[in-house]
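Nothing here was measured: the structure is a model prediction, and the numbers come from that model.
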Amino acid sequence: MAAQEQVKWEGKATAKLNGIGAEQVWPLLEDFCSLDKWLPAIDTCYRVEGINGQPGLVRYCASKPPSSDDFDDEENKNPGMTKWCHEKLLAIDPVVRCLSYEVLDNNLGFKSYVATMKLLPAKGDDDDDDDKFGCQIEWSFLADPVEGMTCDVLSSHLNLSLQGMAENMERALHSN
């Protein structure tokens with residue numbers, strides 16, 4: 001059983017933003033406390049402590065309880081529960097457009113969860129074509145297993161969340 005406890009889940013999702021360069025997307029991503037503007041499942045996100053843009057910043061994120069129409073009862077064990085977590089910014093690098101954070105307190109079942117989000121050119125290494133072809137967001141995680149979930153379910157949720165986030169960012173940037 002001790003060997004099983006040491007197993008970590010790893011996952012990665014990517015989402016492409018068409019015709020939008022990484023330098024346009026980075027200001028949205030580096031604003032650590034604006035996740036509720038981009039991630040469809042998050043209703044609230046705000047700074048709890050620390051300095052914006054600096055490692056050590058802690059944010060609170062929450063989602064309202066889903067309506068009974070959103071899930072059938074077998075899949076949703078706590079239909080009336082607000083899901084929340086505190087997340088701490090571990091590192092942020094505007095040069096390589098990357099940030100890492102960890103989940104602290106939460107009611108989602110995470111004991112250990114560290115994630116990295118980075119922006120990459122969508123096409124090769126040619127920075128000159130960044131605007132023309134767009135960029136992609138890569139979101140990876142390393143976590144302890146979560147009771148009542150599988151790594152595949154967590155990875156699938158991350159992928160769906162990131163696709164929605166990319167769509168929201170793309171829509172906002174194209175409207176400007």
Side-chain angles (χ1 to χ4, degrees), residues 5-17 20-64 82-122 125 127 130-131 134-147 149 151 153-170 172-173 176:
E5 290 175 18
Q6 294 175 3
V7 172
K8 292 278 191 182
W9 289 353
E10 287 186 71
K12 184 189 301 185
T14 58
K16 185 174 179 184
L17 286 87
I20 299 171
E23 70 283 344
Q24 293 172 277
V25 178
W26 177 246
L28 308 182
L29 198 59
E30 78 173 330
D31 184 359
F32 192 63
C33 298
S34 69
L35 197 60
D36 56 329
K37 294 178 185 174
W38 314 119
L39 203 57
I42 301 297
D43 299 307
T44 302
C45 181
Y46 58 82
R47 183 179 69 84
V48 174
E49 64 183 53
I51 300 167
N52 287 333
Q54 298 295 314
L57 174 68
V58 176
R59 69 183 174 194
Y60 170 83
C61 299
S63 61
K64 292 180 200 155
T82 296
K83 296 177 181 177
W84 63 270
C85 64
H86 287 105
E87 298 174 335
K88 180 179 182 179
L89 184 61
L90 298 175
I92 186 164
D93 187 335
V95 176
V96 295
R97 299 182 183 116
C98 175
L99 64 83
S100 296
Y101 67 93
E102 70 177 324
V103 172
L104 302 174
D105 300 334
N106 69 92
N107 69 348
L108 306 170
F110 290 112
K111 292 178 181 78
S112 170
Y113 176 95
V114 176
T116 300
M117 299 178 88
K118 61 175 88 169
L119 288 173
L120 304 166
D125 299 321
D127 290 339
D130 204 21
D131 279 333
C135 65
Q136 64 182 13
I137 302 172
E138 181 183 279
W139 191 350
S140 59
F141 70 87
L142 182 65
D144 285 341
V146 178
E147 190 175 329
M149 188 183 291
C151 185
V153 167
L154 181 57
S155 294
S156 176
H157 176 73
L158 180 77
N159 185 54
L160 284 172
S161 297
L162 182 57
Q163 300 310 315
M165 183 176 177
E167 288 172 19
N168 288 340
M169 288 178 162
E170 203 171 62
L173 290 169
N176 288 343

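With hydrogens and angles disregarded, a donor-acceptor distance shorter than 3.5 Å links the side chain of Q163 to the backbone of T14. For N106 (side chain) and L104 (main-chain N/O), a donor-acceptor pair under 3.5 Å exists by modelled atom type. Checking side-chain atoms of Q54 against main-chain N and O of I51 turns up no donor-acceptor pair under 3.5 Å.
The only member of L108, T44, D105 that meets side-chain contact (heavy atoms from CB on, under 4.5 Å) when paired with W84 is D105.
Closest non-hydrogen pair, R97 versus W26, comes out as C-CZ3, 3.3 Å. Between E10 and C151, the shortest heavy-atom distance links the atoms O-SG, 3.5 Å. Taking each heavy atom of C45 and C61 in turn, the nearest pair found is SG-SG, 3.6 Å. Nearest heavy atom pair, residue P55 against residue A91, reads CG-CA, 4.2 Å. Considering every non-hydrogen atom in both C33 and L57, the closest pair reads SG-CD2, 3.9 Å. Of all non-hydrogen atoms in A166 and A15, the two that sit nearest each other are CB-CB, 3.6 Å.
Contact annotation: the side chain of K8 approaches that of D144 to within less than 4.5 Å [non-hydrogen atoms, C-beta and beyond]. Annotation: side chain of D93 is not in contact with side chain of L99 (no heavy-atom distance under 4.5 Å). Between W9 and M149, the closest side-chain pair of non-hydrogen atoms falls below 4.5 Å.
Note that CD of E102 is 10.0 Å distant from CD of E87, once rounded to the nearest 0.5 Å. How far CG of N159 is from CG of L154: 11.5 Å, rounded to the nearest 0.5 Å. For the atom pair OG (S140) and CG (L158), the distance works out to 8.5 Å, reported to the nearest 0.5 Å. Taking CE of M117 as the reference point, atom CD1 of I92 lies at 11.0 Å (rounded to 0.5 Å). From D43, atom CG reaches atom CG of D36 across 8.0 Å, with rounding to the nearest 0.5 Å. Going from atom CG of L28 over to atom CE of M165 covers 8.5 Å, rounded to the nearest 0.5 Å.
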Intermediate values then yes/no, side chain to side chain contact (heavy atoms under 4.5 Å, CB included), L17 and Q136:
CA-CA 6 Å; L17 286 87; Q136 64 182 13; 5.9 Å; no

Going through the checks in order, is the side chain to side chain contact (heavy atoms under 4.5 Å, CB included) test met by T116 and E138?
CA-CA 8 Å; T116 300; E138 181 183 279; over 6 Å; no

Are V146 and F110 close enough, and set up right, to give a side chain to side chain contact (heavy atoms under 4.5 Å, CB included), and what steps lead you there?
CA-CA 6 Å; V146 178; F110 290 112; 3.6 Å; yes

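Ring geometry, Y60 versus H86: the interplanar angle falls from 30° to 60°, so the pair is classed tilted.
Relative to the six-membered ring of Y101, R59 meets both conditions, a distance below 6.0 Å and an angle of at most 45° to the axis.
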